[in-house]
Amino acid sequence: MRKLFEKLGETLRSGEDAVLVTIIASSGSTPRGAGARMLITKKGRIFGTIGGGILEYKCELKAVDALKAKSSRKESFKLHENEIQDIGMICGGDVDIHFLFIKAGDSLAIALTDGIESFITSEKQLWLICEITQGHSGAMRLYSDKGLLLGPHIPGAVIKRLKNKNGVIRLDGREYYCENIKPPGLVYIFGGGHVTQALVPVLTSVDFRCVVLEDRDKLCDISLFPGAESAMMIDNNNIFDFISVTDDDYIVIMTRGHKHDQTILAQTLKTQAYYIGVIGSKQKAETVANNLREMGYTDQDLARVHSPIGLSIKAETPAEIAVSIASEMIMTRAR
C-alpha cells in the first residue's frame, strides 16, 4: 500500500497520467480479494498486482483504454473454467474492478500520496474512500476516526456505515469503495531477541502493526525491528503501566526465559486480547499451564493460549519460526 502510493506520487509529479486498478469486490475463489491494486501508465503495469494471469492481462488492456479516454470506469469480470485451465490457475470466480484515471499533476492525489505515510503513523484508524459511481471522476478521500483528513466531502450516511472490512457502500444512487487501510489492533511482542527481529518485518509486510516490549535497554532499539511502530522499555511485572490491551490486539510472548514468559502470560490472560501466543516447547507449555492452574487460572483461560506458538512446519531458524508464527496469525485474523 505505502510503496504503491509512493510510486503513484512519483508518477504524477513526473508528468505522467496513471490508472489505479483496484479490486472492489470478488466472489468464488479468486487470486486476490478486495483492496488488491496495481498501477498502470503508458508503460504498462509499473507496480502492484491483482493476481496475475488472464484477469490481470485483461485489466491492463482496460486500463490502457481508460488512459486513452482519460476517464474512470468500473468493470465486472467472470473467470470461466476454461480460462483458468489455459493459464494453469486453480482460482476462479466473479471480480469487480475499478479503474481510477488520475491526471498528471493532480494536486489532490499528490497531496494524498504525500500524506498517507504520516497519517498511517499518526491516526488510530484510517480509511481510503473513493467514489466509484459510473461517470464520476472518483476523487479519493482519507478519513480517520477524527474526521475527514483529505479530499471532498463524504456523506454522513457513508461514514456511519464504515466497517473494518473493505467493500462498496451504495447510497442514493451513488457508490463508494471504502477500505480500512489501518485496521484496529496491534501486535504486542514481548521480547526483542532474534525471533522478534525476524518476525516484525514478516508481520508488517502482511499489514500487522507491531510494538516491541523489552526490559533490556540494549534490545529496546527500534532499528532492530524494521517496520515496528515503536520499541518500548517496560517492567515485565507491571505491563499495564505501559500498554492498554483491547479485544482487537494480538499478544506474542517470547522473552529471555520461561519465568518472564509466565509472568507476562498471567497478566495478558486477564485481557480480552484476540490472540495470545507463547514461544517454547510442548513441555514448557505444559509446565507453564500447570503453574497457572495453581495460580487459579482455569482450563478455559488456558485454551486461549497458542503454545507452542505458530503452525507446525518443522521450523528451526529464527526466520523459519517467524514464518510459522506469522502464518498462524494470518489464519487467526482471517477467521
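In this chain, numbering begins with 1 at the start of the sequence shown.
A continuous path of ILVMFWY side-chain contacts below 4.5 Å connects Met38 to Ile23, so both sit in one hydrophobic cluster. Under a hydrophobic-cluster definition in which Ile, Leu, Val, Met, Phe, Trp and Tyr are linked whenever side-chain heavy atoms come within less than 4.5 Å, directly or via other members, Phe5 and Tyr177 are assigned to different clusters. Under the 4.5 Å side-chain heavy-atom criterion for ILVMFWY residues, a single connected hydrophobic cluster contains both Val252 and Ile321. In the hydrophobic clustering of this structure, Ile24 does not group with Leu20; members are Ile, Leu, Val, Met, Phe, Trp, Tyr whose side-chain heavy atoms approach within less than 4.5 Å, directly or through other members. At a threshold of 4.5 Å between side-chain heavy atoms, the hydrophobic network of Ile, Leu, Val, Met, Phe, Trp and Tyr places Val19 and Phe77 in one connected group.
With contacts defined as side-chain heavy-atom distances shorter than 4.5 Å, the pair Leu213/Phe242 does not qualify. Between Ile189 and Leu203, some side-chain heavy-atom pair lies under the 4.5 Å cut-off. Proximity of Thr271 to Phe240: side-chain heavy atoms (C-beta onward) are separated by under 4.5 Å at one or more points. Between Met254 and Ile325 the shortest side-chain heavy-atom distance falls below 4.5 Å. Here the side chains of Leu265 and Ile276 are in contact, with some heavy-atom distance below 4.5 Å. With a 4.5 Å cut-off on side-chain heavy atoms, Lys62 and Val21 do not count as touching. Counting heavy atoms from C-beta outward, Arg256 and Arg216 have side chains that approach closer than 4.5 Å.
Residue Gly9 comes nearest to Thr113 through the heavy atom pair CA-OG1, 3.5 Å, listed as atom of the first residue, atom of the second, then distance. Nearest heavy-atom pair across Pro226 and Val200 is O-CG1, 3.4 Å. Nearest heavy-atom pair, Ala266 versus Leu292, reported as atom, atom and distance to 0.1 Å: CB-CD2, 3.8 Å. The two residues Pro308 and Ser281 have their closest heavy-atom pair at CG-C, 3.8 Å. Counting all heavy atoms, side chain and backbone alike, Thr11 lies closest to Ala18 at CG2-CB, 4.2 Å. Minimum interatomic distance between Leu219 and Glu214 (heavy atoms only, all atoms of both residues): CD1-OE2, 3.7 Å.
Asn290 places no side-chain N or O within donor-acceptor distance of the main-chain N or O of Thr287, the cut-off being under 3.5 Å. Listed for the Thr133 side chain is a donor-acceptor partner under 3.5 Å among the backbone atoms of Glu175. For Asp96 (side chain) and Ser76 (main-chain N/O), no donor-acceptor pair under 3.5 Å exists by modelled atom type. A side-chain donor-acceptor contact under 3.5 Å links Arg304 to the backbone of Leu269. The main-chain N or O of Lys78 is never found under 3.5 Å from a side-chain atom of Asp94 such that the two would form a donor-acceptor pair. Checking side-chain atoms of Tyr274 against main-chain N and O of Thr332 turns up a donor-acceptor pair under 3.5 Å. Judged purely by atom type and a 3.5 angstrom limit, Glu56 uses its side chain to pair as donor or acceptor with the backbone of Ile50. Side-chain N or O atoms of Gln134 include one that pairs as donor or acceptor with a backbone N or O of Lys74 at under 3.5 Å.
Screening residues 38-68 for ring pair (Phe, Tyr, Trp, His ring centres under 6.0 Å) gives no qualifying pairs among residues at least two apart or on separate chains. Pairs of residues two or more places apart, or lying in two chains, that qualify as salt bridge (Lys or Arg N to Asp or Glu O under 4.0 Å) and include a residue from residues 285-299 are Arg293-Asp299. Sorted by first then second residue, the salt bridge (Lys or Arg N to Asp or Glu O under 4.0 Å) pairs that include residues 7-27, not counting sequence neighbours, are Arg13-Asp114, Glu16-Lys43, Asp17-Lys70. Legend: salt bridge (Lys or Arg N to Asp or Glu O under 4.0 Å) pairs involving residues 311-334, not counting sequence neighbours: none detected. Residue pairs meeting the ring pair (Phe, Tyr, Trp, His ring centres under 6.0 Å) criterion with at least one member in residues 201-232, sequence neighbours excluded, are Phe208-Tyr250.
Here the CD1 atom belonging to Ile129 is positioned 12.0 Å from the CG atom belonging to Leu150, to the nearest 0.5 angstrom. Going from atom OG1 of Thr41 over to atom CG of Leu8 covers 11.0 Å, rounded to the nearest 0.5 Å.
Through chains of ILVMFWY side-chain contacts below 4.5 Å, Met331 is grouped with Leu311, Ile313, Val323.
For Ala198, the side chain to side chain contact (heavy atoms under 4.5 Å, CB included) partners two or more places apart in sequence, or in a different chain, are Pro318, Ala322. Under the rule for a side chain to side chain donor-acceptor pair (under 3.5 Å), Thr317 has no partner lying at least two apart in sequence or in another chain. Remark: His306 engages Tyr275 in a ring-ring contact (aromatic ring centres under 6.0 Å, His included) (not counting sequence neighbours). Take Ser312 and apply the side chain to side chain contact (heavy atoms under 4.5 Å, CB included) test, not counting sequence neighbours, and it matches no residue.
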Mind listing the side-chain donor-acceptor pairs of residues 101-111 below 3.5 Å, one per line with the distance, residues two or more places apart or on another chain?
unit_1: Asp106; atom_1: OD1; unit_2: Leu108; atom_2: N; d: 3.0
unit_1: Asp106; atom_1: OD1; unit_2: Ala109; atom_2: N; d: 2.9

List, one per line, each side-chain donor-acceptor pair under 3.5 Å for residues 231-239, sequence neighbours excluded.
unit_1: Asp235; atom_1: OD1; unit_2: Asn237; atom_2: N; d: 3.0
unit_1: Asp235; atom_1: OD2; unit_2: Asn238; atom_2: ND2; d: 2.8
unit_1: Asn236; atom_1: ND2; unit_2: Asp215; atom_2: OD2; d: 3.1
unit_1: Asn236; atom_1: ND2; unit_2: His260; atom_2: ND1; d: 3.4

Evaluation steps, side-chain contact (heavy atoms from CB on, under 4.5 Å), between Val305 and Tyr297: CA-CA 12 Å; Val305 182; Tyr297 290 90; over 6 Å; no
Stepwise side-chain contact (heavy atoms from CB on, under 4.5 Å) test for Ile181 and Ile116: CA-CA 10 Å; Ile181 58 177; Ile116 199 165; 3.8 Å; yes
CA sep, side-chain torsions, deciding dist, call: Leu162, Asn180, side-chain contact (heavy atoms from CB on, under 4.5 Å): CA-CA 8 Å; Leu162 289 176; Asn180 191 334; over 6 Å; no
Audit row: Ser307, Val288, side-chain contact (heavy atoms from CB on, under 4.5 Å) steps and yes/no: CA-CA 10 Å; Ser307 187; Val288 169; over 6 Å; no
